[in-house]
J.: 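Encoded as structure tokens, here's the structure I'll be asking about.
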Amino acid sequence: MPQAVSNIKACIFDMDGLLLDTEKIYTDVANKMLEPYNKTFPLETKIRMMGRDVKAATDILLADMGLPHTFEEWDNEAQKVKAELFPKAELMPGVDRLIRHLAKHSIPIAVATSSTKPMFLIKTGRHGDVFKLFGENITCGDDPAIKNGKPAPDIFLTAMQRLDPILEPSDCLVFEDATNGVEAAKNAGMSCIWAQDTRFMLDKSVTPVDHAATERITSLVDFVPEKYGLRPFEE
């Protein structure tokens, strides 16, 4: 893994599976949609979809499941199921403490999510007290400035520029749960914490490839701010 950078000036967060426990809901949505076809959602397919924008992820699902639907046909129905289930999303462990800590110490923070803005609002509705700490620093996958989805670096570079035009990629620490996002951070020239959710590992007995992450943890609870030049938690 690359060496930790000890002078981080800004933090950029993915959302799905990192800040919010939505990945299990995505699984529920997919299985509900696949029920009429007597199919279940394979973990291998889910892992390949994680971190991608909605069209790229849906195209993978349709191809793997051999379903003769267009993206538009599938997405129109999926949006109805998502609107029903996503408002129930909970914060992931460690999120509340970390975001409040960074905000308290005036560390610039941003969200960079592949979710569309309408879906972002649905998912975060119950957690406005945390997400308001990001202010206007929310960049979504349907933003016109984002020409290419993860693993392209567009969304992280855009989020950085909106936080502060004088920031450089080397100033930024990205938090991601998906390998596509880790690779996007690497492609942006940023350090990256890979908070890997072990629920979505194919073989827990095999040490994962680090995908050039600066550090791999399995929960934001385990993040140590002072390793990156940030103020330590006040315990």
Side-chain angles (χ1 to χ4, degrees), residues 12-92 110-128 131 134 137-159 176-185 187 197 199-200 202:
I12 304 175
F13 293 83
D14 173 51
M15 182 180 71
D16 288 297
L18 180 88
L19 299 179
L20 291 176
D21 192 7
T22 51
E23 287 301 342
K24 66 179 183 181
I25 298 178
Y26 272 113
T27 298
D28 293 341
V29 170
N31 278 322
K32 189 167 184 176
M33 294 284 292
L34 290 169
E35 245 177 30
Y37 306 94
N38 295 315
K39 295 176 182 285
T40 55
F41 187 36
L43 181 56
E44 294 91 337
T45 298
K46 178 178 183 62
I47 291 170
R48 291 174 55 226
M49 292 169 63
M50 287 172 65
R52 297 187 186 272
D53 64 74
V54 63
K55 186 175 188 311
T58 301
D59 287 346
I60 290 171
L61 174 64
L62 295 176
D64 282 11
M65 297 293 95
L67 298 173
H69 293 277
T70 65
F71 161 72
E72 289 76 16
E73 290 168 344
W74 187 266
D75 190 56
N76 284 341
E77 292 303 311
Q79 291 296 331
K80 299 171 188 175
V81 182
K82 291 176 182 178
E84 174 191 347
L85 297 181
F86 276 127
K88 304 172 184 177
E90 299 287 350
L91 292 175
M92 291 290 281
V111 172
T113 174
S114 296
S115 287
T116 63
K117 189 60 176 287
M119 197 54 62
F120 168 85
L121 294 172
I122 288 173
K123 293 172 181 176
T124 61
R126 295 178 58 230
H127 306 290
F131 282 90
F134 291 96
N137 301 313
I138 309 290
T139 301
C140 294
D142 58 349
D143 191 300
I146 311 304
K147 304 304 180 187
N148 302 287
K150 301 172 187 177
D154 301 32
I155 196 164
F156 291 133
L157 293 173
T158 299
E176 264 285 356
D177 72 301
T179 57
N180 284 310
V182 174
E183 290 169 11
N187 292 335
D197 192 330
R199 294 176 298 176
F200 307 118
L202 287 172

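The basis for the numbers below is simple: all heavy atoms, side chains too, and nothing from hydrogens, waters or symmetry mates.
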J.: Taking only residues two or more places apart in sequence, or in another chain, which ones meet Asn137 in a side-chain contact (heavy atoms from CB on, under 4.5 Å)?
T.: Ala110, Leu163
J.: Does Arg52 have any side-chain contact (heavy atoms from CB on, under 4.5 Å) partners at least two apart in sequence or in another chain, and if so, which?
T.: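 Partners of Arg52 under the side-chain contact (heavy atoms from CB on, under 4.5 Å) test: Ala56, Ala57, Ile60, Pro151, Asn180.
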J.: Within this structure, what is the CG-CE distance for the pair Asp197 and Met50, rounded to the nearest 0.5 Å?
T.: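 Asp197 CG to Met50 CE: 6.5 Å, rounded to 0.5 Å.
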J.: Please list, chain by chain and in numerical order, all residues satisfying salt bridge (charged side-chain N to carboxylate O under 4.0 Å, His left out) with Glu73, sequence neighbours excluded.
T.: none
J.: Spell out, as yes or no, whether a donor-acceptor pair under 3.5 Å connects the side chain of Arg126 to the backbone of Ala89.
T.: yes
J.: Tell me, do Asp177 and Met92 make a side-chain contact under 4.5 Å, heavy atoms counted?
T.: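 Side chain of Asp177 against side chain of Met92, heavy atoms only: no contact under 4.5 Å found.
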J.: Contact between Val111 and Thr139 at the side-chain level, heavy atoms closer than 4.5 Å - yes or no?
T.: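 Val111 does not reach Thr139 side chain to side chain.
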J.: Could you work out, with salt bridge (charged side-chain N to carboxylate O under 4.0 Å, His left out) as the rule, every residue matching Lys88, not counting sequence neighbours?
T.: none
J.: Quick check: closest heavy atoms across Ala178 and Glu176, and the distance to 0.1 Å?
T.: N-OE1, 3.3 Å
J.: With heavy-atom distances below 4.5 Å as the criterion, would you say the side chains of Thr124 and Met15 are in contact?
T.: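 A side-chain contact exists here, since the closest heavy-atom pair is under 4.5 Å.
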J.: Under the 3.5 angstrom rule, does the side chain of Asp154 hit a backbone N or O of Asn148 as a donor-acceptor pair?
T.: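 Yes: the side chain of Asp154 pairs with the backbone of Asn148.
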J.: Side chains of Asp75 and Gln79: any donor to acceptor distance under 3.5 Å?
T.: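 Yes, a side-chain donor-acceptor pair sits under 3.5 Å.
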J.: Not counting sequence neighbours, list each pair that qualifies as a ring pair (Phe, Tyr, Trp, His ring centres under 6.0 Å) and has a residue in residues 27-61.
T.: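 Matches after skipping sequence neighbours: Tyr37-His69.
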J.: May I have the step-by-step check of side-chain contact (heavy atoms from CB on, under 4.5 Å) for Lys39 and Leu67, ending in yes or no?
T.: CA-CA 10 Å; Lys39 295 176 182 285; Leu67 298 173; 4.0 Å; yes
J.: Taking only residues two or more places apart in sequence, or in another chain, which ones meet Phe120 in a ring-ring contact (aromatic ring centres under 6.0 Å, His included)?
T.: Phe131
J.: Tabulate below the donor-acceptor pairs under 3.5 Å that side-chain atoms of residues 80-87 make, not counting sequence neighbours, or state none.
T.:
| unit_1 | atom_1 | unit_2 | atom_2 | d |
| --- | --- | --- | --- | --- |
| Lys80 | NZ | Glu77 | OE2 | 3.1 |
| Glu84 | OE1 | Lys32 | NZ | 3.4 |

J.: To the nearest 0.5 Å, how far apart are CG in Leu43 and OG1 in Thr27?
T.: 8.0 Å
J.: Sequence neighbours excluded, which residues qualify as salt bridge (charged side-chain N to carboxylate O under 4.0 Å, His left out) partners of Asp142?
T.: none
J.: Under a 3.5 Å distance rule, please check whether Lys147 uses its side chain to pair with a backbone N or O of Pro144 as donor and acceptor.
T.: yes
J.: My understanding is that only residues two or more places apart in sequence, or in another chain, count here; which of them pass side-chain contact (heavy atoms from CB on, under 4.5 Å) with Ala112?
T.: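 In terms of side-chain contact (heavy atoms from CB on, under 4.5 Å), with neighbours along the sequence ignored, Ala112 is linked to Ile12, Ile155, Phe156, Ala159.
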J.: Closest approach of Ser115 and Lys123, non-hydrogen atoms and distance?
T.: OG-NZ, 2.6 Å
J.: Can you list everything that forms a side-chain contact (heavy atoms from CB on, under 4.5 Å) with Ala145? Sequence neighbours excluded, please.
T.: Asp143, Thr158, Arg162
J.: Distance from Asn76 atom CG to Phe71 atom CZ, nearest 0.5 Å?
T.: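 Those atoms lie 8.5 Å apart.
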J.: To the nearest 0.5 angstrom, please state how far the OG1 atom of Thr113 sits from the CG atom of Asp14.
T.: 5.5 Å
J.: Kindly write out the residues that satisfy side chain to side chain donor-acceptor pair (under 3.5 Å) with Asp28, not counting sequence neighbours, or none if the list is empty.
T.: none
J.: Return the set of residues passing side chain to side chain donor-acceptor pair (under 3.5 Å) with Thr22 (not counting sequence neighbours), or none when no residue passes.
T.: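 Side chain to side chain donor-acceptor pair (under 3.5 Å) check on Thr22 returns Asp16.
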